[in-house]
Amino acid sequence: MNTPIDALVNAAGLSTRGSIENTSPELFDELISVNLRAPFFTIQAAVLAMQKQNSAGSIVNIISISSYGGQSYLAPYVAAKAGLIALTRNVAYSQRWRQIRCNALNIGWTETPNEHKVQLAMGKSENWLEQVQQSLPAKSLLQPHQIAKATTFLLSNDSAPITGSIIDWDQQPVGCWD
C-alpha cells in the first residue's frame with residue numbers, strides 16, 4: 001500500500017571540516033552526497049509522488065547561513081549548502097503551478113549535542129557555550145525546537161502561497177558589519 005505524501009523536510013547535514021587546501025576528493029564527495037545529492041533525490045521522489053497523486057505539497061530544506069560563504073574550514077559544506085539554495089528556488093519555480101511549494105530555513109549557529117562535541121574537538125573549553133552566549137545579541141544560540149516550529153509553519157497551509165523563499169535565521173544580518 002502506498003502512503004500519500006504531502007510534505008518533506010530535508011534536515012540531514014554533515015559538517016566535517018575541510019578547507020580549499022586540505023579537502024580530499026573523498027571528503028568532498030561525502031559532504032556533497034549528504035548535503036546536496038540526498039536532498040535532490042528525496043525531493044525528486046516526493047515531487048513525483050505528489051504529481052502522481054495529483055496533490056499539493058510542501059518541501060522544507062534546512063540549510064545554513066554559511067551557504068553565503070561561510071568559514072574557510074567548511075569549504076565543501078558551504079558549496080553543498082549553496083547548491084541547496086539554488087535547488088530550493090529551482091524546485092519552487094518548476095512546481096509552482098502544481099501547488100508544490102519548496103522553501104528553506106537558512107539557519108545560524110544552533111545549540112546541539114554534536115555542536116558541543118565539535119567545539120570541544122576544536123579546543124574550546126567545556127563551558128564554551130556560556131562564553132559564546134554572552135557575546136551574542138540574543139544571548140543564546142538558536143535552539144532545535146525553534147527550527148522545528150518554523151519548519152512546521154512552512155509545511156502548513158498557513159504559509160501558503162510562500163514558495164522559493166530562503167529565510168535567513170541568524171543573529172547577524174547577512175552583509176552587515178562594523
Side-chain angles (χ1 to χ4, degrees), residues 5-20 22-51 56-115 118 141-156 159-175:
I5 182 168
D6 61 3
L8 170 67
V9 177
N10 281 305
L14 184 62
S15 62
T16 307
R17 279 27 185 170
S19 70
I20 195 68
N22 68 14
T23 297
S24 68
E26 295 79 17
L27 177 59
F28 180 86
D29 290 346
E30 181 180 35
L31 286 163
I32 294 296
S33 179
V34 171
N35 294 321
L36 184 57
R37 186 179 193 277
F40 182 97
F41 288 107
T42 56
I43 291 169
Q44 181 185 67
V47 164
L48 291 173
M50 290 173 195
Q51 289 175 357
S58 182
I59 299 164
V60 176
N61 295 315
I62 306 300
I63 304 183
S64 169
I65 206 73
S66 293
S67 63
Y68 291 127
Q71 301 85 338
S72 60
Y73 56 83
L74 290 176
Y77 172 80
V78 166
K81 293 299 187 174
L84 194 50
I85 284 179
L87 179 61
T88 298
R89 289 191 172 125
N90 182 275
V91 171
Y93 182 77
S94 70
Q95 300 304 307
R96 70 194 189 284
W97 292 107
R98 293 184 174 100
Q99 288 76 51
I100 299 173
R101 299 179 294 115
C102 189
N103 294 291
L105 291 176
N106 211 19
I107 63 170
W109 202 358
T110 304
E111 183 182 346
T112 65
N114 189 61
E115 184 60 23
V118 166
L141 295 182
L142 187 58
Q143 300 297 308
H145 75 272
Q146 294 168 316
I147 298 166
K149 285 180 181 180
T151 301
T152 301
F153 170 73
L154 288 173
L155 291 173
S156 75
S159 68
I162 299 169
T163 193
S165 291
I166 310 300
I167 300 170
D168 292 343
W169 199 349
D170 194 23
Q171 297 179 52
Q172 175 63 36
V174 174

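Computed from a predicted model, the values in this text were never measured in an experiment. Every heavy atom of this structure was used, including side-chain atoms; hydrogens, water molecules and symmetry mates were not.
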For this session: Show your working on side chain to side chain donor-acceptor pair (under 3.5 Å) between Ser66 and Gln71 and close with a plain yes or no.
Result: CA-CA 7 Å; Ser66 293; Gln71 301 85 338; 2.9 Å; yes
Exercise. Quick one: does Gln44's side chain get under 4.5 Å of Phe41's, heavy atoms only?
Worked result: yes
Problem set entry | Heavy-atom pair of closest approach, residues Ile65 and Gly108 | CG2-CA, 3.8 Å
Exercise. Does Ser19 offer a backbone N or O that forms a donor-acceptor pair with the side chain of Ser72 under 3.5 Å?
Worked result: no
For this session: Just do the side chain to side chain donor-acceptor pair (under 3.5 Å) check on Asp168 and Tyr68 with the steps written out, would you?
Result: CA-CA 10 Å; Asp168 292 343; Tyr68 291 127; 2.8 Å; yes
Exercise. How about Arg101 and Ser159: does a side-chain donor come under 3.5 Å of a side-chain acceptor?
Worked result: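 Per modelled atom types, Arg101 and Ser159 side chains form a pair under 3.5 Å.
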For this session: Check step by step if side chain to side chain contact (heavy atoms under 4.5 Å, CB included) holds for Leu155 and Asp6.
Result: CA-CA 9 Å; Leu155 291 173; Asp6 61 3; over 6 Å; no
Exercise. Stepwise, does the side chain to side chain donor-acceptor pair (under 3.5 Å) test hold for Asn106 with Ser64?
Worked result: CA-CA 5 Å; Asn106 211 19; Ser64 169; 5.6 Å; no
Problem set entry | Heavy-atom check, side chain of Gln51 versus side chain of Arg98, under 4.5 Å |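 The answer is yes; the side chains approach within 4.5 Å.
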Exercise. Hey, is the main chain of Pro39 close enough, under 3.5 Å, to the side chain of Thr42 for a donor-acceptor pair?
Worked result: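 Present.
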Exercise. Yes or no on side chain to side chain contact (heavy atoms under 4.5 Å, CB included) for Val47 and Ile59, after CA distance, side-chain angles and deciding distance?
Worked result: CA-CA 9 Å; Val47 164; Ile59 299 164; 3.9 Å; yes
Exercise. Tell me, do Leu84 and Asn35 make a side-chain contact under 4.5 Å, heavy atoms counted?
Worked result: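 Sidechains of Asn35 and Leu84: no contact.
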For this session: For residues Asn103 and Ile167, determine if any side-chain heavy atom of one lies less than 4.5 Å from a side-chain heavy atom of the other.
Result: no
Exercise. At their closest point, which heavy atom of Ala92 faces which heavy atom of Thr163, and how far apart are they?
Worked result: CB-OG1, 3.2 Å
For this session: Check whether any side-chain heavy atom of Thr16 sits under 4.5 Å from a side-chain heavy atom of Tyr77, and report yes or no.
Result: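 No, side chains not in contact.
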Exercise. So, the side chain of Asn22 versus the backbone of Gly18: is there a donor-acceptor pair under 3.5 Å, distance only?
Worked result: no
For this session: For residues Ile63 and Ile85, determine if any side-chain heavy atom of one lies less than 4.5 Å from a side-chain heavy atom of the other.
Result: yes
For this session: Please step through side chain to side chain contact (heavy atoms under 4.5 Å, CB included) for the pair Cys102 and Gln95, ending with a clear verdict.
Result: CA-CA 8 Å; Cys102 189; Gln95 300 304 307; over 6 Å; no
For this session: Taking the side chain as every heavy atom from C-beta outward, state whether Asn10 and Val60 have any atom pair closer than 4.5 Å.
Result: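 The answer is no, as the side chains (C-beta and beyond) never meet within the 4.5 Å cut-off.
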Exercise. Is there a donor-acceptor pair under 3.5 Å between the side chain of Ser33 and the backbone N or O of Glu30?
Worked result: no
For this session: Start with the C-alpha gap between Ile107 and Asp170, add the side-chain angles, then the distance that decides, and say whether side chain to side chain contact (heavy atoms under 4.5 Å, CB included) holds.
Result: CA-CA 6 Å; Ile107 63 170; Asp170 194 23; over 6 Å; no
Exercise. What's the spacing between Phe153 CZ and Leu105 CG if we round to 0.5 Å?
Worked result: 10.5 Å
Exercise. Take atom CZ in Arg96; do more than 12 heavy atoms of anything else shown fall under 6.0 Å from it?
Worked result: yes
For this session: Indicate the atoms forming the closest heavy-atom contact of Ile5 with Ala49, along with that distance.
Result: CG2-CB, 3.4 Å
Problem set entry | Nearest-0.5 Å distance, CZ of residue Arg37 to CG of residue Leu31 | 14.5 Å
Problem set entry | Closest non-hydrogen atom pair between Ile166 and Arg89, with its separation |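 Between these two residues, the closest heavy atoms are CG1-NH2, 3.3 Å.
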